[in-house]
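Letters A, B, ... mirror the listed sequences (proteins, then strands); counts begin at 1.
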Amino acid sequence: MSTPTDQMKDIVSLCKRRGFIFPASDIYGGINGFWDYGPLGTELKNNLRDRWWKDMVITPPIGPDGNPIEIVGVDSSIIQNPKSWEASGHVGGFNDPMVDCKASKKRYRADHVIVYSPKDGEGHAIAFDKDAEDAEIEKRLKKLTKKAPADFTTEKLDQLPADQFTNIIGPDVKEPGTLTEPRQFNMMFHTFVGATAGDENKAYLRPETCAGIFLNFKNVVDSSRVRVPFGIAQVGKAFRNEVTPRNFIFRSREFEQMELEWFCEEEDVPMWFDFWVDQRTKFWESLGIPKSSLHFLDVPKEELAHYSSRTIDVEYQFPFAAPGFDELEGIAHRGCFDLTQHQEFSGTKLEYFDQPNNKRFLPHVIEPSTGLTRGVLALLCEAYTVDESRPSGVYMNFHPSMAPKKAAILPLTAKEDHVPIAQKLYLELREQFNVDLDIKQNIGKRYARQDEIGTPYCFTIDNDTISDQTVTVRERNTMAQERIHLDKVASYLREKIYG
RNA sequence: GCGGGUGUAGUUCAAUGGUAGAACGGCAGCCUUCCAAGCUGCAUACGUGGGUUCGAUUCCCAUCACCCGCUCCA
């Protein structure tokens with residue numbers, strides 16, 4: 001019986017064996033939280049990225065009014081003026097000092113620990129979690145110090161100097177001195193702009209791509225003739241110093257996002273929100289992710305990010321999450337938080353002027369934001385199909401439009417008669433499709449190899465090809481074969497991939 | 001960051017205090033008219049760094065990476 005863990009291991013090793021994904025810096029022993037994309041993984045990732053870009057920017061969906069909606073793209077810098085991250089809330093929210101307790105092995109946010117210090121300076125100070133009940137506090141204080149709450153002053157732990165920590169009894173222990181010094185956990189990678197390193201030229205690698213969209217909102221409006229409602233799309237790398245990178249490329253420290261910021265009027269938010277949830281669902285389904293593998297989580301109010309009043313997470317049933325789901329995409333109503341913040345911090349007016357109605361306002365934003373690299377992982381997991389009955393034992397059931405290789409051209413033998421025809425077909429097809437020409441070894445071995453990298457079609461040239469100009473098409477999932485004319489191969493492929 | 005586990009070829013595994021084998025995969029060739037056939041040959045590994053030892057892939061320590069459980073995931 002194959003467990004979800006086994007399945008992830010199998011997927012990871014197939015990815016390495018066939019050149020989808022490698023550990024980054026592999027020959028140096030790797031580096032935690034980073035992965036490299038090999039020849040096939042790069043094709044797969046590009047296919048997903050290009051399809052998203054096409055669906056957003058080149059052929060955006062038809063809106064509720066029957067007309068195509070308007071979306072333009074940008075490609076912003078990974079490093080921006082550091083003030084932009086103060087405005088977005090990342091500098092404040094991403095830098096929480098944490099303390100560890102050596103005895104209880106627990107970790108606390110320093111500002112979430114309340115310390116009761118005795119007013120008379122006698123005895124130990126007692127620490128509590130910020131959510132501790134009054135009765136519980138009173139009881140524990142009495143037990144440990146025989147004093148009442150009124151005999152103490154209270155402060156947050158991050159307000160106290162670290163040299164006093166030796167006198168503090170941690171929230172989950174009975175002896176003092178088990179709390180470590182507060183440590184900064186910088187979720188944002190930082191770097192320095194220019195040759196000298198110092199606080200005055202400190203900068204950050206973006207922890208999300210969307211900020212670059214908001215920073216360019218005015219430039220796009222001024223230069224592109226877009227009118228609300230409209231969207232700005234961006235694909236790019238983002239970086240987060242995750243505490244625990246886990247689950248292959250699911251949570252890595254360098255990853256890639258595909259984000260759309262949809263700017264609309266506040267009163268239209270509910271309509272557009274539903275519109276985008278629907279559109280994004282259709283997107284994943286069209287790539288071969290069945291609705292049954294997806295789950296839609298209306299994020300509870302208390303778990304919403306600081307900027308959002310409503311978020312729906314589109315979750316996928318990753319093997320490591322089974323029987324649960326984990327986040328693939330988030331569709332968030334960000335209100336006008338970002339434009340408001342950037343307007344305030346930058347001092348630049350970002351209001352949109354609606355000329356026909358002669359009004360100025362900050363548009364509200366719906367943000368469908370998905371991890372490109374998480375999407376790749378979902379495609380890999382979904383495609384991975386065990387089939388003991390075939391030589392490879394497994395095949396990758398990629399949707400033809402996502403498959404790294406669309407077809408393989410295989411001369412049945414390496415004899416002189418078959419190879420030239422195969423080469424000619426290959427040279428024709430590669431102008432339109434990413435295809436392989438594979439001449440060596442027996443045909444079964446070559447089919448098996450293509451199965452394992454998820455190539456949906458193989459065209460085989462045999463003696464009949466010489467006499468009647470037909471080739472065998474071998475379909476990956478069914479292994480069924482049919483003959484079609486050489487002239488029809490390109491249109492056949494086009495129909496299967498895009499039709 | 002904590003606790004537990006693992007680390008031998010590209011992959012999956014084996015053996016061993018006296019420097020390593022297999023299967024599959026890869027490459028080259030023979031043979032092949034449709035699913036890893038058969039035959040021949042070739043290449044490739046003890047994560048890294050210390051220590052113990054005459055000698056370490058094996059024992060010990062550290063480190064790194066991966067997996068599981070916590071923690072974290074704005």
Nearest-Å distance for atom pair [atom1]/[atom2], residues [X] and [N]:
X: Q7(A); N: U11(B); atom1: CD; atom2: P; value: 20 Å
X: F250(A); N: C67(B); atom1: CZ; atom2: P; value: 13 Å
X: I27(A); N: C64(B); atom1: CD1; atom2: P; value: 19 Å
X: I439(A); N: U32(B); atom1: CD1; atom2: P; value: 18 Å
X: M187(A); N: G1(B); atom1: CE; atom2: C1'; value: 13 Å
X: F22(A); N: G10(B); atom1: CZ; atom2: P; value: 12 Å
X: D6(A); N: C66(B); atom1: CG; atom2: C1'; value: 15 Å
X: D36(A); N: A65(B); atom1: CG; atom2: P; value: 15 Å

Please state the [atom1] separation for the pair [N] and [M] - nearest whole angstrom.
N: C24(B); M: G17(B); atom1: P; value: 28 Å
N: C54(B); M: C39(B); atom1: C1'; value: 46 Å
N: A23(B); M: G41(B); atom1: P; value: 12 Å
N: A15(B); M: G7(B); atom1: P; value: 11 Å
N: G29(B); M: A62(B); atom1: C1'; value: 49 Å
N: A74(B); M: A36(B); atom1: C1'; value: 50 Å
N: A22(B); M: A45(B); atom1: C1'; value: 13 Å
N: A37(B); M: G1(B); atom1: P; value: 48 Å

- Query: Counting only distance, no hydrogens or angles, is the base of C34(B) paired donor-acceptor with the side chain of T472(A) under 3.5 Å?
  - Reply: yes
- Query: Would you say the side chains of E259(A) and T209(A) form a donor-acceptor pair under 3.5 Å?
  - Reply: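 T209(A) and E259(A) do have a side-chain donor-acceptor pair below 3.5 Å.
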- Message: Ignoring hydrogens and geometry beyond distance, is a side-chain donor-acceptor pair present between T460(A) and Y447(A) at under 3.5 Å?
- Response: yes
Name the closest nucleotide to the [X] side chain, picking from [options].
X: P391(A); options: C34(B), A36(B), C68(B); answer: A36(B)
X: R246(A); options: C68(B), C34(B), C67(B); answer: C68(B)
X: T413(A); options: C67(B), U71(B), U32(B); answer: U32(B)
X: N32(A); options: C70(B), C66(B), C68(B); answer: C66(B)
X: D462(A); options: C34(B), C35(B), A74(B); answer: C34(B)
X: V243(A); options: U71(B), A74(B), C34(B); answer: U71(B)

Below 30° counts as parallel, above 60° as perpendicular, anything between as tilted: where do the rings of [X] and [Y] land?
X: F217(A); Y: F263(A); result: tilted
X: Y316(A); Y: F318(A); result: perpendicular
X: W85(A); Y: H90(A); result: perpendicular

- Decide yes or no on side-chain contact (heavy atoms from CB on, under 4.5 Å) for E475(A) and E482(A), but give the supporting numbers first. CA-CA 9 Å; E475(A) 204 271 334; E482(A) 62 175 312; over 6 Å; no
- Query: For RNA chain B, what residues of residues 392-400 of chain A have any heavy atom nearer than 4.0 Å?
  - Reply: S392(A)
- Of the residues in residues 452-459 of chain A, which ones touch RNA chain B at a heavy-atom distance under 4.0 Å? none
Compare all side-chain heavy atoms of [X] with those of [Y] and state whether any distance is below 4.5 angstrom.
X: W276(A); Y: E367(A); value: no
X: L205(A); Y: M188(A); value: no
X: S369(A); Y: Q257(A); value: yes
X: K405(A); Y: L40(A); value: yes
X: P207(A); Y: F239(A); value: no
X: Q450(A); Y: R476(A); value: no

- Kindly compute the distance separating CG (L377(A)) from CG (L380(A)), expressed to the nearest 0.5 Å.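 The CG atom of L377(A) sits 6.5 Å away from the CG atom of L380(A).
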Pick base, sugar-phosphate or nothing for [X], based on heavy-atom distances below 4.0 Å to the nucleic acid.
X: R390(A); result: nothing
X: G33(A); result: sugar-phosphate
X: F248(A); result: sugar-phosphate

With a cut-off of 3.5 Å and sequence neighbours excluded, list every side-chain donor-acceptor pair involving residues 338-348 of chain A.
from    : atom 1 : to      : atom 2 : distance (Å)
D338(A) : OD1    : R334(A) : NH2    : 3.0
D338(A) : OD2    : R334(A) : NE     : 2.8
T340(A) : OG1    : C336(A) : O      : 2.5
Q341(A) : NE2    : A87(A)  : O      : 2.8
Q343(A) : OE1    : L350(A) : N      : 2.7
S346(A) : OG     : H342(A) : O      : 2.5
S346(A) : OG     : T348(A) : N      : 3.1

Anything under 3.5 Å between a protein N or O and an N or O of nucleotides 23-29 of chain B, put it in a table, one pair a line.
from   : atom 1 : to      : atom 2 : distance (Å)
G26(B) : OP1    : R449(A) : NH1    : 2.5
A28(B) : OP1    : K440(A) : NZ     : 3.1
G29(B) : OP2    : K440(A) : NZ     : 3.2

- Item | Residue whose closest nucleotide on RNA chain B lies nearer the 5' end, F34(A) versus T244(A) | T244(A)
- Task: Find which nucleotide of RNA chain B each of I461(A) and Y28(A) is nearest to by heavy atoms, and output the residue with the more 5' nucleotide.
- Result: I461(A)
- So, is the end of the R390(A) side chain (NZ or CZ) under 6.0 Å from the ring centre of Y395(A) and within 45° of the ring's axis?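 Yes, R390(A) lies over the aromatic ring of Y395(A).
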- Message: When you measure from the centre of the six-membered ring of Y37(A), is the NZ or CZ of K45(A) closer than 6.0 Å and no more than 45° off the axis?
- Response: yes
- Query: Under a 4.0 Å N-O cut-off, is there an ion pair linking R446(A) with D436(A)?
  - Reply: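 Here R446(A) does not pair with D436(A) in a salt bridge, since their nearest N and O are not under 4.0 Å apart.
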- Does the distance from a Lys or Arg side-chain N to an Asp or Glu carboxylate O, for K445(A) and D438(A), drop under 4.0 Å?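 Salt bridge flag = no for D438(A) with K445(A).
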Report, one pair per line, the protein and nucleotides 40-43 of chain B atoms (nitrogen or oxygen only) whose separation is under 3.5 Å.
none

- Steps toward side-chain contact (heavy atoms from CB on, under 4.5 Å) verdict (F273(A), V277(A)): CA-CA 6 Å; F273(A) 194 92; V277(A) 171; 3.9 Å; yes
- Task: Only stems of 3 or more consecutive Watson-Crick or G-U pairs count here, both distances under 3.5 Å; name the ones for RNA chain B, or none.
- Result: B:1-7 with B:64-70, B:10-13 with B:21-24, B:26-30 with B:38-42, B:47-51 with B:59-63
- Would one find a side-chain N or O of N442(A) under 4.0 angstrom from OP1 or OP2 of C35(B)? no
- Task: Taking only the side-chain nitrogens and oxygens of K16(A), find out if one of them lies under 4.0 Å from OP1 or OP2 of U11(B).
- Result: yes
